[in-house]
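Read through the structure below, which is laid out as structure tokens, and then see the notes.
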Amino acid sequence: MVPIRATILPANDDSLDRACELLSSGELVAIPTETVYGLAANAWDADAVAKIFLAKGRPSSNPLIVHVASADEIGRAVRMPLSRPLQKQLDSLVDLWPGPFTVVLPVNERIPSLVTAGRNTVAVRVPSHPVASALLRRCPFPIAAPSANKSKYVSPTTADHCVSGLGDDVALVLDGGPCDLGLESTILLLDERGPRLLRPGTICAEDLASRLKVEVSDLIVVDNDKSESDPSFISPGTMREHYSPRTPLRLIGDDEVNSVVPPGTGRIAFRALTSEIASRYERVETLSQNGVLAEVSHNLFAALRRLDQSGLQVILIDQCEPVGLGRAIMDRIHRAAAGHCEGDTSEH
Ligand code: TXA
Ligand code: MG
């Protein structure tokens, strides 16, 4: 039997109207954002939000990000007014919106508890992608949207990735082309215990620390070894094993020049390899000719997916210094490798 596939439409006025109608009637729509594609539902509609968890196979203990059209609209999800200290911290960050930046703040009473996994906080962001912005401006409700992939698989950066993961569980996929950034948003928790980085992203920890006048080391939290259902777990999505391809992924060390590469090995390189080294691998994906990290992040997930579908035994991948954007890139790579790297106890 031919599987039913979701409709993909190029994003334009008509398809945006259709997307808005579908969301208003409680359906799911996959939408492009500047980070990754999101699986969108009306964030005020608990039944619609429940469909997200079903479609993704996502545990109900893992809360969703709520998207709004502008910083002025965060009251659609966040309990306002904020306390003076929280408002002051948010003021120093607010010009990061629209953009790849998510803040966790106290939740208001209109957001169903399913969205927040029963927490008293909500993650909120203002995306900058023109299609996401246009849709949010059309809809009289905020949009809950996790990445549009099956739980624990690699996030989607094209419309096709959404369809191959979710099939007809999604009513419509709006095609806005490949996502510019290719990594999920930076997530920052603001509460009375001080700001904490829950997920590194393109908006880097160094930038946030300087705006908030704190040390980078004060922003970093590590609670990844707790169980996801532990209520004290700050951010369930920071579990170690996440974003994983099915093919084992290993980080490549400095000993590459002398190492023997077994048959069936694929390679993801951050910069062009010499032809001698490239010829040792069955498949090579070059993320950037010259190792430009913005190109590495833009291409990373699509390359992981391609190699994962190539019947390889193992994929070897480069590393970079975990600072700035490199922190976000290495975070995703460590997680993708986590299911496969026995004995790797590094923090990520
Ligand atoms: O770039 C992005 O953020 C994309 C696009 C679609 O906006 N969305 C995304 O959503 O990556 P998702 O569901 O894949 O990741 C959301 C993360 C999870 O790690 C979740 O645990 C965390 O946000 N999160 C959501 N609400 C939270 C809360 N109240 N407290 C702590 N963490 C929260
Ligand atoms: Mg995700």
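- Pairs engaging residues 91-109 under the side-chain hydrogen bond (donor to acceptor under 3.5 Å, both in side chains) rule: Gln87-Asp91, Asp95-Arg211, Thr102-Ser185 [sequence neighbours left out].
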Handout entry: Worked check of side chain to side chain contact (heavy atoms under 4.5 Å, CB included) between Leu219 and Leu208
Key = CA-CA 9 Å; Leu219 283 183; Leu208 297 178; 3.9 Å; yes

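- Distance check, rounded to the nearest 0.5 Å: OG1 of Thr247 to CD1 of Ile315 gives 4.5 Å.
- Separation of atoms OG (Ser83) and CD (Glu192) is listed at 8.0 Å; rounding is to 0.5 Å.
- Across Ser15 and Leu172, no two heavy atoms sit closer than the pair O-CD2, 4.1 Å.
- Looking only at distances, no side-chain donor or acceptor of Thr157 sits under 3.5 Å from a matching main-chain atom of Pro178.
- Residue pairs satisfying the salt bridge (Lys or Arg N to Asp or Glu O under 4.0 Å) criterion with at least one member in residues 301-322, sequence neighbours excluded, are listed as follows: Arg267-Asp318, Glu285-Arg306.
- Shown here are the side chain to side chain donor-acceptor pair (under 3.5 Å) partners of Thr186, two or more places apart in sequence or in another chain: there are none.
- Applying the salt bridge (Lys or Arg N to Asp or Glu O under 4.0 Å) rule to pairs touching residues 47-69 yields Glu27-Lys51, sequence neighbours excluded.
- Applying the salt bridge (Lys or Arg N to Asp or Glu O under 4.0 Å) definition to pairs two or more places apart or across chains, those involving residues 63-78 are Glu73-Arg76.
- Atoms CG and CG, from Leu197 and Leu212 in turn, are 10.5 Å apart once rounded to the nearest 0.5 Å.
- A side-chain donor from one of Arg125 and Thr35 sits under 3.5 Å from a side-chain acceptor of the other.
- Between the side chain of His67 and the backbone N or O of Val124, no donor-acceptor pair lies under 3.5 Å.
- Side chains of Ser147 and Asn149: a donor-acceptor N/O pair is present below 3.5 angstrom, by distance only.
- Residue pairs that meet the side-chain hydrogen bond (donor to acceptor under 3.5 Å, both in side chains) test with at least one member in residues 126-145, sequence neighbours left out, are Asp13-Arg138, Asp17-Arg138, Glu34-Ser128.
- With hydrogens and angles disregarded, a donor-acceptor distance shorter than 3.5 Å links the side chain of Thr274 to the backbone of Ile277.
- At least one donor-acceptor pair under 3.5 Å links the side chain of Tyr37 to the backbone N or O of Gly176.
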